[in-house]
Amino acid sequence: MPTIYETDNLDEAIDIIQDENKRYPFILHKYDIGPCQEKWTSDYLANKIGSKPVRIHVSQDSMMDFVRKNFTYETLPFNKLIKRCERTTNDEYFVSPDEHYYFRALGDNQRTDIANIEKHFPSIANDIKYPPLFSTEQFFSSVLRIGSANTQLWTHYDIMDNILIQVQGSKRLIMFKPSDFDYLYIDGDKSLVNNIEEPDFETYPLVRHATYYTGTLQPGDCLFIPALWFHNIKSLDSYAVSLNVFWRHLNIDFYEPKDLYGNKDLVPFSRAIGQLAKSLNELDKQLPSVYTDFYARRLRCYLNNYIQENEKKLQQ
């Protein structure tokens with residue numbers, strides 16, 4: 001099982017991101033992320049952010065599943081959330097004393113605002129520094145994330161490059177190449193295989209063919225997650241605090257302008273799939289079903305050949 005590449009060299013990290021023939025995940029060590037690592041205790045964060053209401057995921061299950069929704073959305077004052085995350089059991093709770101919490105920062109207006117720590121959590125924004133891996137013009141969002149100990153999030157991919165800056169706690173990492181798409185039983189941008197460490201091979205036999213890239217993120221580390229790489233992340237023995245920074249690697253016009261989370265399909269693909277759906281609908285209207293079925297199979301053959309040819313290019 002290969003491990004995620006690790007480096008202490010910022011210049012090497014920048015080269016990996018900028019070289020289109022590389023662009024693989026890495027963990028960057030020894031970058032000065034600012035005083036947040038010492039400052040961001042639960043008491044400090046509770047005092048600085050106060051009773052600001054935040055929306056959270058709450059689940060009895062340590063493995064949260066976005067596809068099957070084994071969690072509820074609740075709201076708590078931030079200072080109460082951080083204290084609940086710090087403890088493994090709580091006297092006050094929504095479902096059970098040992099429930100798990102996950103907070104992914106949103107904008108103040110969840111329908112129009114993109115998460116930005118400088119705008120939405122200004123009292124702590126100056127405590128943290130980002131590695132200079134992208135230009136100011138490429139910046140999209142900065143997402144504060146906090147979770148209970150031993151809490152796993154669902155396997156998914158992002159459309160944008162991003163870096164996960166670990167401030168408090170440690171995380172177990174599992175990642176997969178974009179070309180492992182066929183083995184991960186993807187629904188939208190998420191995998192149906194929730195227990196990725198011990199998959200049910202009877203239900204999901206193709207997972208055997210996926211290549212697991214593993215690693216551990218320690219406080220002060222920065223994980224580069226390239227666009228389209230699948231990732232599954234789990235906090236370990238203590239609650240975790242991190243900042244996730246997203247940026248646009250490609251031409252800005254390729255990204256959906258109304259995307260608040262950075263996970264909508266690129267505009268060229270959305271256009272292409274829309275045109276394809278329209279064309280197939282026209283076939284349905286004009287031809288008998290036997291012809292439609294035949295040409296759909298020809299289309300599948302064309303796509304399979306296209307994928308095979310593209311795989312050869314990627315391997316060169």
As an exercise, state the distance from [atom1] of [X] to [atom2] of [Y], rounded to the nearest 0.5 Å.
{"X": "K119", "Y": "S142", "atom1": "NZ", "atom2": "OG", "answer": "11.0 Å"}
{"X": "I225", "Y": "F26", "atom1": "CD1", "atom2": "CZ", "answer": "11.0 Å"}
{"X": "R87", "Y": "S42", "atom1": "CZ", "atom2": "OG", "answer": "9.0 Å"}
{"X": "L164", "Y": "I233", "atom1": "CG", "atom2": "CD1", "answer": "5.0 Å"}
{"X": "L133", "Y": "D161", "atom1": "CG", "atom2": "CG", "answer": "9.5 Å"}
{"X": "F254", "Y": "L266", "atom1": "CZ", "atom2": "CG", "answer": "8.0 Å"}

Within 6.0 angstrom of D91 CG, more than 12 heavy atoms from elsewhere: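 12 or below, so no.
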
Neighbour count above 12 (heavy atom, 6.0 Å) for K30 NZ: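 No.
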
Check whether [X] reaches the backbone of [Y] with its side chain - one donor and one acceptor, N or O, closer than 3.5 Å.
{"X": "S242", "Y": "V167", "result": "no"}
{"X": "S59", "Y": "N70", "result": "yes"}
{"X": "Q152", "Y": "M64", "result": "no"}
{"X": "N116", "Y": "E118", "result": "yes"}
{"X": "R172", "Y": "T214", "result": "no"}
{"X": "S279", "Y": "Q275", "result": "yes"}
{"X": "T151", "Y": "S62", "result": "no"}
{"X": "Y31", "Y": "Y130", "result": "yes"}
{"X": "D180", "Y": "Y183", "result": "no"}
{"X": "E99", "Y": "V95", "result": "yes"}

Quick check on the hydrophobic clustering: are [X] and [Y] connected, directly or via other members, by side-chain heavy-atom contacts under 4.5 Å?
{"X": "V267", "Y": "F140", "answer": "no"}
{"X": "L153", "Y": "L217", "answer": "no"}
{"X": "L206", "Y": "M175", "answer": "no"}
{"X": "I16", "Y": "I165", "answer": "yes"}
{"X": "L280", "Y": "Y306", "answer": "no"}

Cation-pi, [Y] ring and [X] (6.0 angstrom, 45 degrees):
{"X": "K190", "Y": "Y185", "result": "no"}
{"X": "R248", "Y": "F139", "result": "no"}
{"X": "R84", "Y": "Y93", "result": "no"}

Y24 and W229 aromatic centres sub-6.0 Å: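 No, they do not, as the ring centres are separated by 6.0 Å or more.
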
Aromatic centroids of F176 and Y213 separated by under 6.0 Å: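 Ring centres of F176 and Y213 not closer than 6.0 Å.
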
Would you please say whether a donor-acceptor pair under 3.5 Å links the side chains of [X] and [Y]?
{"X": "E6", "Y": "H29", "answer": "yes"}
{"X": "E12", "Y": "Y5", "answer": "yes"}
{"X": "R104", "Y": "N244", "answer": "no"}
{"X": "S270", "Y": "K264", "answer": "no"}
{"X": "D158", "Y": "N162", "answer": "yes"}
{"X": "N194", "Y": "W154", "answer": "no"}
{"X": "S96", "Y": "D98", "answer": "yes"}
{"X": "R23", "Y": "Q18", "answer": "no"}

Validation row: V207, D200 side chains within 4.5 angstrom (heavy atoms):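 Answer no - side chains too far apart.
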
Pairwise side-chain contact, L223 with L173, heavy-atom cut-off 4.5 Å (strictly under):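 The answer is yes; the side chains approach within 4.5 Å.
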
Which atom pairs, one a donor and one an acceptor, fall under 3.5 Å between side chains of residues 71-80 and the rest of the protein, sequence neighbours left out?
| unit_1 | atom_1 | unit_2 | atom_2 | d |
| --- | --- | --- | --- | --- |
| T72 | OG1 | E74 | OE2 | 3.0 |

Salt bridge (Lys or Arg N to Asp or Glu O under 4.0 Å) evaluation trace for K83 with D43: CA-CA 8 Å; K83 290 301 182 180; D43 288 339; 2.2 Å; yes

Give the minimum heavy-atom separation between [X] and [Y], together with the two atoms involved.
{"X": "I128", "Y": "C36", "answer": "CG1-SG, 3.7 Å"}
{"X": "F121", "Y": "A105", "answer": "CE1-CB, 3.8 Å"}
{"X": "R208", "Y": "F201", "answer": "NH2-CB, 3.3 Å"}
{"X": "S170", "Y": "Q218", "answer": "OG-OE1, 2.6 Å"}

SB check D293 R297 (cutoff 4.0 Å):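 Looking at R297 together with D293, the answer is yes, because their closest N to O distance falls below 4.0 Å.
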
Option from F246, W247, F224 for which ring-ring contact (aromatic ring centres under 6.0 Å, His included) with F134 holds: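 In the set F246, W247, F224, the residue that makes a ring-ring contact (aromatic ring centres under 6.0 Å, His included) with F134 is W247.
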
